[in-house]
Engineer: 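My structure is below; once you've seen it, I'll send some questions.
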Amino acid sequence: MTLKIYNTLTRKKEDFQTLEDEKVRMYVCGPTVYNKAHIGHAMSAMVFDIIRRYLEFRGYSVLHAMNFTDVDDKIIHRANELGVDPFELAEGYIHEFEDDLEALNVLQPTIKPRATQEIHTIIAMIEDLVKAGFAYPLNGDVYFRVRKDADYGRLSGRNLDDMRSGARIEVDNRKEDPLDFALWKSAKPGEPFWDSPWGPGRPGWHIECSAMNLHHLGEQIDIHGGGNDLIFPHHENEIAQTESLTGKPFARYWVHNGMLQLGGEKMSKSIGNLVSIEEFLSHHTSDTFRIMLLNSSYRGPLTYNEETVAQAERGLERLHSALRPALPEAAGAAEPTLTALQTQMEAAEAGFIKAMDDDFNSAGALAQLFELVRSINQARAAGASNGDLQPAQTLLRKLSGVLGLCLEEKTSQSGGGADPFIQLLIELRQELRKEKLYPLSDLVRNRLAELGVILEDSKDGVSWRWQ
RNA sequence: GGCGACGUGGCCAAGUGGGAAGGCAAGGGUCUGCAAAACCCUGAUCACGGGUUCAAAUCCCGUCGUCGCCUCCA
């Protein structure tokens with residue numbers, strides 16, 4: 001079995017072949033930190049977290065870089081609005097985003113470079129591009145000369161002449177071509193700056209990623225990721241800069257996640273239809289969000305609304321249902337039941353890998369987990385003991401973990417301290433039921449439910465769990 | 001206007017040539033004092049119109065529609 005990945009560059013699924021055996025270099029574009037991160041950012045980070053976890057599951061060691069753009073126009077404007085230092089502003093949002101990712105159970109990237117920490121590399125790269133004729137200084141700015149790059153437009157499937165006619169950009173007549181983009185921007189009064197051969201200024205947006213890649217991962221990488229709104233111009237420009245300099249293919253696989261849709265539109269800072277990560281997590285768990293992602297293709301748009309969240313929440317509960325213990329007084333299941341469970345375990349694991357190997361088809365993989373859930377619940381209903389269920393439950397936990405799901409047990413805030421008292425109330429209620437004092441037994445059940453303890457009667461006894 | 005993606009049951013969605021996954025919701029049933037959970041059962045002429053093929057949700061052409069990019073964006 002080979003892993004296949006959809007490559008934006010070729011618009012095809014391709015066999016995954018790394019530059020170096022069993023090692024993956026992956027660079028994912030992170031956010032520009034001028035504001036609170038929203039769940040669209042969470043989606044992108046989580047998609048690549050899932051990809052990383054799966055690659056690791058498949059035996060690769062993954063060098064995972066995610067950058068922060070911590071100096072740019074928006075940050076400067078926002079800092080001026082608030083009357084604070086732009087670097088402090090950025091720093092604050094970086095920490096906030098890191099906390100968000102931890103709360104979302106997204107693995108820490110191996111390296112987290114920042115634009116402001118790569119200024120030397122950036123300047124050196126720009127100098128080399130100027131020397132090689134791919135860039136030209138202009139009144140303290142430096143621009144990339146797109147006409148010099150014969151391949152320009154390859155990633156986004158455009159050509160310079162088409163864009164020229166359709167572009168809505170305000171043309172800067174000083175530039176040789178309207179599509180030439182800034183590598184270095186001269187500083188206006190009051191703006192943060194670094195000294196450079198072209199005067200005080202700061203890096204353009206695209207060059208930082210090229211420089212960070214070159215510095216931390218090398219001239220060539222395996223996977224370059226980000227949201228599909230970055231394909232043009234950002235990633236197109238990264239390719240232009242890096243390949244013009246190295247003469248080698250930059251990234252082997254360009255991987256792009258789809259956009260989160262809220263109210264039929266892409267969630268974005270400029271439209272203002274935002275749900276912050278913090279806001280989402282104050283009402284829902286990270287697993288709920290992850291289920292939403294897993295249930296659809298990472299490349300397509302993701303519909304976000306109250307109903308899809310609720311559906312994910314119920315689906316998650318179903319996964320949890322399989323992890324519940326055997327029925328009280330279960331005597332062990334008959335041979336055919338256990339054989340069926342064993343068969344399903346093998347089918348689920350194989351199906352899981354087959355699905356994920358096909359361009360990270362997480363919806364297909366999730367379906368396999370649900371099949372396993374059904375088998376486990378069937379076995380439990382057929383009287384399987386905890387020992388009977390345990391291997392299948394372990395497999396379910398393992399495969400869920402590969403997708404980054406926690407499936408953590410819900411417990412009371414105070415730990416297990418309440419357990420004996422809950423047991424006592426259950427015993428009491430059972431006595432009331434024996435006496436057919438149902439209004440009283442229901443009162444116990446209802447009051448416990450209000451406290452978050454769910455009682456479930458069965459013919460073999462009573463089980464309970466935290467809601 | 002240019003480039004790209006997509007349109008599958010009430011909802012979210014897999015599936016890209018030969019049996020239409022899975023989840024949620026709904027209805028029926030088993031269990032049960034009731035409830036809940038779990039389990040069983042029930043459902044789709046795959047946007048529309050042509051074409052290729054023994055065979056099309058899947059390939060080709062056209063139409064309609066949705067979304068993204070073309071300006072900062074995950």
Side-chain angles (χ1 to χ4, degrees), chain A residues 8 11 13 28-32 34 37-48 66 69 72-74 77 153 156-159 161-170 179 205 225-234 236 256-261 264-271 291-292 294-297 299-305 307-319 321-322 324 327 351 355 358 361-371 373-374 376-382 433 436-439 441-442 445-446 449 454-459 463 465:
Chain A
T8 306
R11 313 215 176 261
K13 284 182 195 171
V28 181
C29 285
T32 302
Y34 70 95
H38 59 72
I39 53 178
H41 300 114
M43 175 184 178
S44 190
M46 197 178 270
V47 160
F48 288 96
M66 185 188 73
T69 299
D72 97 316
D73 293 353
K74 297 220 161 191
H77 290 154
S156 52
R158 323 163 183 241
N159 68 66
D161 298 309
D162 283 351
M163 282 189 286
R164 216 175 198 181
S165 50
R168 285 180 286 165
I169 357 169
E170 218 175 287
L179 269 292
W205 176 35
N228 68 13
D229 54 349
L230 297 181
I231 295 172
F232 189 89
H234 186 54
E236 193 71 71
H256 293 99
N257 64 276
M259 294 292 106
L260 195 91
Q261 303 285 127
E265 275 184 304
K266 168 184 159 187
M267 180 175 290
S268 89
K269 290 172 187 170
S270 41
I271 299 172
I291 290 279
M292 290 181 66
L294 292 169
N295 187 44
S296 70
S297 160
R299 284 195 279 131
L302 178 66
T303 311
Y304 180 90
N305 56 47
E307 194 183 354
T308 55
V309 176
Q311 288 178 3
E313 228 147 42
R314 296 284 297 119
L316 183 61
E317 279 178 41
R318 183 164 171 76
L319 286 183
S321 75
R324 292 180 197 156
L327 296 175
D358 182 13
N361 179 356
S362 57
L366 196 56
Q368 294 299 322
L369 297 192
F370 281 116
E371 297 282 7
V373 166
R374 170 175 290 112
I376 292 171
N377 287 339
Q378 277 170 340
R380 184 193 299 102
R433 291 179 71 205
K436 299 202 190 299
L437 295 169
Y438 293 123
S441 71
D442 287 352
R445 185 173 62 197
N446 292 339
I454 305 297
L455 300 193
E456 285 170 0
D457 300 334
S458 75
K459 61 179 188 298
S463 53
R465 61 190 164 87

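Letters A, B, ... are given to chains in the order of the sequence lines, protein chains preceding strands, and every chain is numbered from 1. Everything numeric in this text was worked out from a predicted model, so none of it was measured.
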Engineer: Which part of the nucleic acid, if any, lies within reach of A:Met292 when heavy atoms closer than 4.0 Å are counted: base, sugar-phosphate only, or nothing?
Structural biologist: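 A:Met292: no heavy atom of the nucleic acid under 4.0 Å.
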
Engineer: Can you confirm whether A:Arg445 sits close enough to A:Asp457 that some side-chain heavy atom of one is under 4.5 Å from a side-chain heavy atom of the other?
Structural biologist: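 Result yes, sub-4.5 Å side-chain heavy-atom pair found.
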
Engineer: Checking all strands, does A:Glu371 fall into the base, sugar-phosphate, or nothing category for heavy-atom contacts under 4.0 angstrom?
Structural biologist: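 A:Glu371: backbone/sugar contact only, no base atoms under 4.0 Å.
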
Engineer: Using a cut-off of 4.0 Å on non-hydrogen atoms, how would the nucleic acid contact of A:Gly40 be classed: base, sugar-phosphate, or nothing?
Structural biologist: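 Counting heavy atoms under 4.0 Å across all strands, the contact made by A:Gly40 includes a base.
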
Engineer: Check whether the side chain of A:Asn228 and the base of B:G4 form a donor-acceptor pair under 3.5 Å.
Structural biologist: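 Side chain to base: no pair below 3.5 Å.
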
Engineer: Regarding A:Tyr438, tell me which of base, sugar-phosphate or nothing describes its non-hydrogen contacts under 4.0 Å with the strands shown.
Structural biologist: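 Touches a base.
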
Engineer: Base, sugar-phosphate, or nothing for A:Gly30, non-hydrogen atoms under 4.0 angstrom?
Structural biologist: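 Since only primed, P, OP1 and OP2 atoms lie under 4.0 Å of A:Gly30, the category is sugar-phosphate.
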
Engineer: As a test of reading the structure: which of B:A13, B:A74, B:A21 is closest to the side chain of A:Ala367, going by heavy atoms?
Structural biologist: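 Between B:A13, B:A74, B:A21, the one nearest the side chain of A:Ala367 would be B:A21.
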
Engineer: Of all the nucleotides listed (B:C34, B:A74, B:C24), which has the minimum atom distance to the side chain of A:Gln311?
Structural biologist: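 Closest of the options to the side chain of A:Gln311: B:C24.
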
Engineer: For B:G27, what is the paired nucleotide under Watson-Crick or G-U wobble rules, both distances under 3.5 Å?
Structural biologist: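 Pair assignment: B:G27 / B:C41.
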
Engineer: What does nucleotides 35-43 of chain B look like as a protein-contact string, B for base, S for sugar-phosphate only, - for none, at under 4.0 angstrom between heavy atoms?
Structural biologist: BBSSSS---

Engineer: Quick one: label A:Asn295 by what it contacts on the DNA or RNA (base, sugar-phosphate, nothing), any heavy atom closer than 4.0 Å.
Structural biologist: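 The residue A:Asn295 makes base contact.
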
Engineer: With heavy atoms under 4.0 Å as the rule, sort A:Gly351 into base, sugar-phosphate or nothing.
Structural biologist: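 Touches nothing.
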
